[in-house]
Asks: 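Handing you this structure, nothing more for now.
This one's a predicted model, so the numbers in the text were calculated from it and none came from an experiment.
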Amino acid sequence: MRVGVLKGFLSRRYLGFWEAYLEALGVEVVRAEPPPARHQPYCLPVQGLLAQVEALKAQGVDYLLLPDLQGGVDSEKGGGQCPWLLDLEAALRRYFPGLPPVLKVPAELSERVLGRAAEVGHLLTQNPMLVGRALDRARGFLKSPPPLKTPLGSVGVVAQPYLLEEEPFRKAVEEALAQEGLIPYFPDLPPEKLREEGDRLLPMDLPTDRELLGMVHYLHRLGRVKGLLLVVSYACPPIPGLLRKAVRRLAKPHRLVTWGEDWGEALRSLREEIRGG
């Protein structure tokens, strides 16, 4: 039995447990070896995702493990208009008609995950005793990872959680800001706390939208943060609209930029506005 897993799209939050659990079941965990091919006109994160799925299909897997990014919440507001955020499985099936059977799992870890893990284990092995032993062995991986550390800079960085969870993205943002003598401050609260912050700014349904707005609210109220950098993915209109609506309520300087494009002029003007203030 071979189960393909994906890196990115919040994999840092859930994949450690599921890899340990699948291996304890005796299942082969297959990581993608994607080719460098790009899938236009999608945004950079989705391009990488599609390349991984394409590679897993070529490598041959019996199942594909996919995260439920919204925890079962359905909405047509905000980022809900983006199919990749609302229902990753459905979006992938439209792109890959021959997608392997999907094992959809929560994108975060808690004791509630054990029920879904038991269901997956029974489906894959039909062996209740093996499932019980595997759950016991993997239970130590059920703890959610702590937030990634952040430089103590003056520019708060806001982006969809699936971007901010990736070290390459953070490094690229840090390097871009450094060229203008700026240092980032990435949100350092756990997801549930950021969602509470988001509820204070604008009422939204989807967890990823609430978390995104929570970053805006939290970073804006930090005294050390003098300006905000809002980063969006290419060809994802709902997210920029949601952020523009949010920042109309704020007083600090901010710039909205697109991941993969040149930020030079936007960062220079942000630097001057921060220093002028």
Asks: Distance-only, no hydrogens or angles: does the Glu180 side chain make a donor-acceptor pair with backbone N or O of Arg271 under 3.5 Å?
Replies: no
Asks: Between the side chains of Lys57 and Glu54, is the shortest nitrogen-to-carboxylate-oxygen separation below 4.0 Å, so that they form an ion pair?
Replies: no
Asks: Is Leu6 reachable from Leu103 through a run of I, L, V, M, F, W or Y residues, each pair having side-chain heavy atoms under 4.5 Å apart?
Replies: no
Asks: Measuring from atom CG of Leu22 to atom CG of Leu124, what distance do you get when rounded to the nearest 0.5 angstrom?
Replies: 6.5 Å
Asks: How far does OG of Ser11 sit from CD of Gln52, to the nearest 0.5 angstrom?
Replies: 8.0 Å
Asks: May I ask you to test the Val225-Val155 pair for a side-chain heavy-atom distance under 4.5 Å?
Replies: no
Asks: Decide salt bridge (charged side-chain N to carboxylate O under 4.0 Å, His left out) for Arg31 and Glu19; before the verdict, give the C-alpha distance in whole Å, the side-chain angles of both, and the deciding distance to 0.1 Å.
Replies: CA-CA 10 Å; Arg31 284 183 172 270; Glu19 285 187 319; 3.0 Å; yes
Asks: Side-chain contact, heavy-atom cut-off 4.5 Å: Leu164 with Val231?
Replies: no
Asks: Between Val27 and Met129, is there shared hydrophobic-cluster membership here, with clusters defined by ILVMFWY side-chain heavy atoms closer than 4.5 Å?
Replies: no
Asks: Between Glu108 and Arg195, does the salt bridge (charged side-chain N to carboxylate O under 4.0 Å, His left out) criterion hold? Intermediate values first, please.
Replies: CA-CA 14 Å; Glu108 294 181 355; Arg195 290 168 196 156; 2.4 Å; yes
Asks: Kindly compute the distance separating CG (Leu85) from CG (Leu69), expressed to the nearest 0.5 Å.
Replies: 6.5 Å
Asks: Tell me whether Arg2 contacts the main-chain N or O of Val29 through its side chain, where contact means a donor paired with an acceptor under 3.5 Å.
Replies: no
Asks: Give a yes-or-no answer on whether the side chains of Ser269 and Arg255 include a donor-acceptor pair shorter than 3.5 Å.
Replies: yes
Asks: Classify the angle between the aromatic ring planes of Phe9 and Tyr162 as parallel (below 30°), tilted (30 to 60°) or perpendicular (above 60°).
Replies: parallel
Asks: Minimum heavy-atom separation for Gly181 and Arg275, please, with both atom names.
Replies: O-NH2, 4.2 Å
Asks: Does the pair Leu50 and Leu92 meet the rule for a side-chain contact (heavy atoms from CB on, under 4.5 Å), with working shown?
Replies: CA-CA 8 Å; Leu50 293 174; Leu92 284 172; 3.8 Å; yes
Asks: Look only at the side chain of Trp259 and the backbone of Cys43, and say whether a donor-acceptor pair between them is shorter than 3.5 Å.
Replies: no
Asks: Walk me through whether Val158 and Leu212 qualify under side-chain contact (heavy atoms from CB on, under 4.5 Å).
Replies: CA-CA 7 Å; Val158 175; Leu212 181 71; 3.7 Å; yes
Asks: Charged N to carboxylate O under 4.0 angstrom, Lys193 versus Glu211?
Replies: no
Asks: Go through Trp84 and Leu49 one step at a time and tell me if the side-chain contact (heavy atoms from CB on, under 4.5 Å) criterion holds.
Replies: CA-CA 10 Å; Trp84 304 99; Leu49 177 76; 4.2 Å; yes
Asks: Mind listing the closest non-hydrogen atom pair of Pro106 and Arg116 along with its distance?
Replies: CD-CG, 4.1 Å
Asks: Any side-chain heavy atom of Pro45 within less than 4.5 Å of one from Glu166?
Replies: no
Asks: Cation over ring, Arg170 on Phe186, under 6.0 Å and within 45°?
Replies: yes
Asks: Work out which heavy atom in Pro100 is nearest to a heavy atom in Asp62; give both atom names and the distance.
Replies: CB-O, 4.3 Å
Asks: Determine whether a donor-acceptor pair (N or O, by modelled atom type, separation under 3.5 Å) exists between the side chain of His254 and the backbone of Val247.
Replies: no
Asks: Regarding Glu23 and Arg137, does a basic nitrogen lie under 4.0 Å from an acidic carboxylate oxygen?
Replies: no
Asks: Tell me whether the rings of Trp18 and Tyr21 are parallel (<30°), tilted (30 to 60°) or perpendicular (>60°).
Replies: perpendicular
Asks: Is there a side-chain contact between Val61 and Val3 (heavy atoms, below 4.5 Å)?
Replies: no
Asks: Is it true that Arg210 and Glu197 have a side-chain N and a carboxylate O under 4.0 angstrom from each other?
Replies: no
Asks: Which heavy atom of Gly260 sits nearest a heavy atom of Leu44, and at what distance?
Replies: CA-CD1, 3.7 Å
Asks: Do NZ/NE/NH1/NH2 and the carboxylate oxygens of Glu89 and Arg93 come within less than 4.0 Å?
Replies: yes
Asks: Over all heavy atoms of both residues, which pair between Val157 and Pro187 is shortest? Give the atoms and the distance, please.
Replies: O-CD, 3.2 Å
Asks: Distance check, rounded to the nearest 0.5 Å: Leu135 atom CG versus Leu25 atom CG?
Replies: 7.5 Å
Asks: Take a 6.0 Å sphere around CZ of Arg112 and say whether it holds more than 12 heavy atoms from other residues, nucleotides or ligands.
Replies: no
Asks: Under 4.5 Å between any side-chain heavy atoms of Val105 and Val113, yes or no?
Replies: no
Asks: Go through the side-chain N and O atoms of Ser233 and Gln160 and say whether any donor and acceptor fall under 3.5 Å apart.
Replies: no
Asks: Do Phe17 and Val30 sit in one hydrophobic cluster, given that two such residues count as connected whenever their side-chain heavy atoms are within less than 4.5 Å of each other, even indirectly?
Replies: no
Asks: Check whether Arg249 reaches the backbone of Leu201 with its side chain - one donor and one acceptor, N or O, closer than 3.5 Å.
Replies: yes
Asks: What's the spacing between Leu250 CG and His220 NE2 if we round to 0.5 Å?
Replies: 4.5 Å
Asks: For His122, is there any backbone N or O sitting under 3.5 Å from a side-chain donor or acceptor partner on Gln126?
Replies: yes
Asks: Considering only heavy atoms from C-beta outward, does the side chain of Thr208 approach that of Gln70 to under 4.5 Å?
Replies: yes
Asks: First locate atom CG of Leu229, then atom CG of Leu182, and finally report the distance between them rounded to the nearest 0.5 Å.
Replies: 9.0 Å
Asks: Just by distance, do the side chain of Ser144 and the backbone of Leu109 share a donor-acceptor pair under 3.5 Å?
Replies: yes
Asks: Please determine whether residues Val102 and Val46 belong to a single hydrophobic cluster, defined as Ile, Leu, Val, Met, Phe, Trp and Tyr linked transitively by side-chain heavy-atom distances below 4.5 Å.
Replies: yes
Asks: Between Glu33 and Leu56, is the side-chain contact (heavy atoms from CB on, under 4.5 Å) condition met? List the steps.
Replies: CA-CA 7 Å; Glu33 299 174 2; Leu56 287 170; over 6 Å; no
Asks: For the side chain of Lys252 and the backbone of Gly227, is there at least one donor-acceptor N/O pair under 3.5 Å apart?
Replies: no
Asks: Compare all side-chain heavy atoms of Leu230 with those of Val257 and state whether any distance is below 4.5 angstrom.
Replies: no
Asks: Look only at the side chain of Lys104 and the backbone of Pro67, and say whether a donor-acceptor pair between them is shorter than 3.5 Å.
Replies: no
Asks: Could you pull out the closest heavy-atom pair between Leu177 and Pro184, with the gap in Å?
Replies: CD1-CB, 3.4 Å
Asks: Measure the shortest side-chain to side-chain distance between Pro207 and Val73 over non-hydrogen atoms and say whether it is less than 4.5 angstrom.
Replies: yes
Asks: Are Ile183 and Leu270 joined in one hydrophobic group, where the rule is that I, L, V, M, F, W and Y side chains link up if heavy atoms are under 4.5 Å apart?
Replies: no
